[in-house]
Amino acid sequence: PPRPEASAGKAMSALSGDWRTEAAELRAMQPRHILFLCVANSARSQMADGIARSLAPQGVKVSSAGSSPASVRPQAIHVLKEIGIGISGHRSKGLDSIDAGSVDAVITLCAEQVCPVFLGKAHRLHWGLPAPAAVAGTEETRLNAFRCARAQFAGLHRVQADEEGEPPPGLALPFQCVLEGDAAEP
């Protein structure tokens with residue numbers, strides 16, 4: 001599989017901990033409304049939202065929000081468009097735009113920042129993925145960081161939706177993301 005390179009000197013790893021168990025628990029809950037939450041609602045949560053909407057069963061509402069909303073990153077729009085998922089109409093939203101009472105599950109996505117607090121009674125998960133927007137370098141290097149995040153979200157959502165299912169085109173795994181300076185892993 002391709003091994004996108006990005007700067008910063010460390011691997012963009014999927015997740016630590018037992019995320020497969022958490023995803024299975026989420027699947028068993030059969031939530032009707034899933035919220036992806038981060039700080040800016042501009043990259044990770046927008047990508048997670050777009051991929052989840054493309055894989056979610058009919059009747060499941062998917063939303064995203066942030067504690068300090070910013071503009072949706074063009075790189076997030078670009079890498080999802082590469083696999084046929086359109087988020088160009090998405091806008092960054094604040095937590096105040098979400099009906100907390102309707103959310104069954106909230107998934108925080110912050111890794112290097114302090115994640116926003118969700119005050120609703122939803123089941124909480126944390127998928128701490130590095131911010132692709134923080135990667136410096138050429139435009140291709142930055143796009144590859146977003147592609148790494150896309151692949152990781154796709155894997156997480158596939159497990160959440162149906163562990164045995166075939167991945168949609170463009171969401172095939174495994175996908176190893178390596179940042180410049182890392183030793184290549186087999």
Side-chain angles (χ1 to χ4, degrees), residues 12 14-15 19 22-23 26-27 29-113 115-120 122-134 142-143 145-162 165 167-171 173 175:
M12 290 185 71
L15 296 171
W19 61 267
E22 289 179 344
L26 184 61
R27 187 172 56 250
M29 280 180 51
Q30 298 181 331
R32 305 312 301 159
H33 186 181
I34 300 170
L35 171 65
F36 292 97
L37 186 59
C38 66
V39 175
N41 189 222
S42 65
R44 287 172 290 197
S45 55
Q46 291 289 343
M47 292 170 53
D49 179 331
I51 292 169
R53 286 178 193 229
S54 75
L55 297 174
Q58 188 170 358
V60 173
K61 181 178 180 178
V62 178
S63 342
S64 62
S67 56
S68 298
S71 298
V72 178
R73 295 280 186 159
Q75 297 90 348
I77 295 168
H78 180 88
V79 301
L80 289 189
K81 185 177 179 183
E82 289 177 342
I83 60 169
I85 298 174
I87 63 167
S88 63
H90 284 207
R91 63 176 180 76
S92 295
K93 298 164 289 305
L95 269 171
D96 58 346
S97 69
I98 303 295
D99 173 14
S102 73
V103 176
D104 299 313
V106 62
I107 302 171
T108 53
L109 302 168
C110 312
E112 49 291 298
Q113 312 97 335
C115 282
V117 175
F118 181 76
L119 299 177
H123 181 77
R124 288 167 176 76
L125 295 174
H126 178 70
W127 294 350
L129 297 173
R142 294 170 61 216
L143 282 171
F146 278 82
R147 289 178 183 119
C148 287
R150 175 187 72 196
Q152 292 171 351
F153 285 130
L156 292 166
H157 287 313
R158 279 186 51 233
V159 171
Q160 172 196 332
D162 177 6
L171 297 183
L173 293 178
F175 188 91

Validation row: [X], [Y] side chains within 4.5 angstrom (heavy atoms):
X      : Y      : value
His78  : Arg147 : yes
Leu80  : Met47  : yes
Val60  : Pro31  : no
Leu129 : Phe153 : yes

For [X] and [Y], which heavy atoms make the closest approach, and how far apart are they?
X      : Y      : answer
Ala65  : Leu35  : N-CD1, 3.9 Å
Cys38  : Cys110 : CA-SG, 3.8 Å
Phe146 : Ala43  : CE2-CB, 3.6 Å
Ser63  : Ile98  : CB-CD1, 4.0 Å
Ala105 : Val103 : O-CG1, 3.3 Å
Gln46  : Ser64  : NE2-OG, 3.9 Å

Would you find a donor on one side and an acceptor on the other, under 3.5 Å apart, between the side chain of [X] and the backbone of [Y]?
X      : Y     : answer
Asp104 : Arg32 : yes
Ser68  : Val39 : no
Arg53  : Val62 : yes
Arg142 : Gln75 : no
Arg91  : Val72 : no

Quiz item: With Phe36, which of Val106, Leu125, Ile107, Asn41 fulfils side chain to side chain contact (heavy atoms under 4.5 Å, CB included)?
Solution: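 Going through the options one by one, the only one that passes is Ile107.
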To the closest 0.5 Å, what do you measure between [atom1] ([X]) and [atom2] ([Y])?
X      : Y      : atom1 : atom2 : answer
His33  : Asp99  : NE2   : CG    : 8.0 Å
Thr108 : Arg124 : OG1   : CZ    : 9.5 Å
Leu95  : Lys93  : CG    : NZ    : 11.0 Å

Quiz item: Listed by chain and number, what are the side chain to side chain donor-acceptor pair (under 3.5 Å) partners of Ser97, not counting sequence neighbours?
Solution: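 For Ser97, no residue satisfies side chain to side chain donor-acceptor pair (under 3.5 Å) once neighbours in sequence are set aside.
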Self-check item: Gln30, CD: over 12 other non-hydrogen atoms inside 6.0 angstrom
Solution: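 Atom CD in Gln30 is not crowded, with 12 or fewer foreign heavy atoms closer than 6.0 Å.
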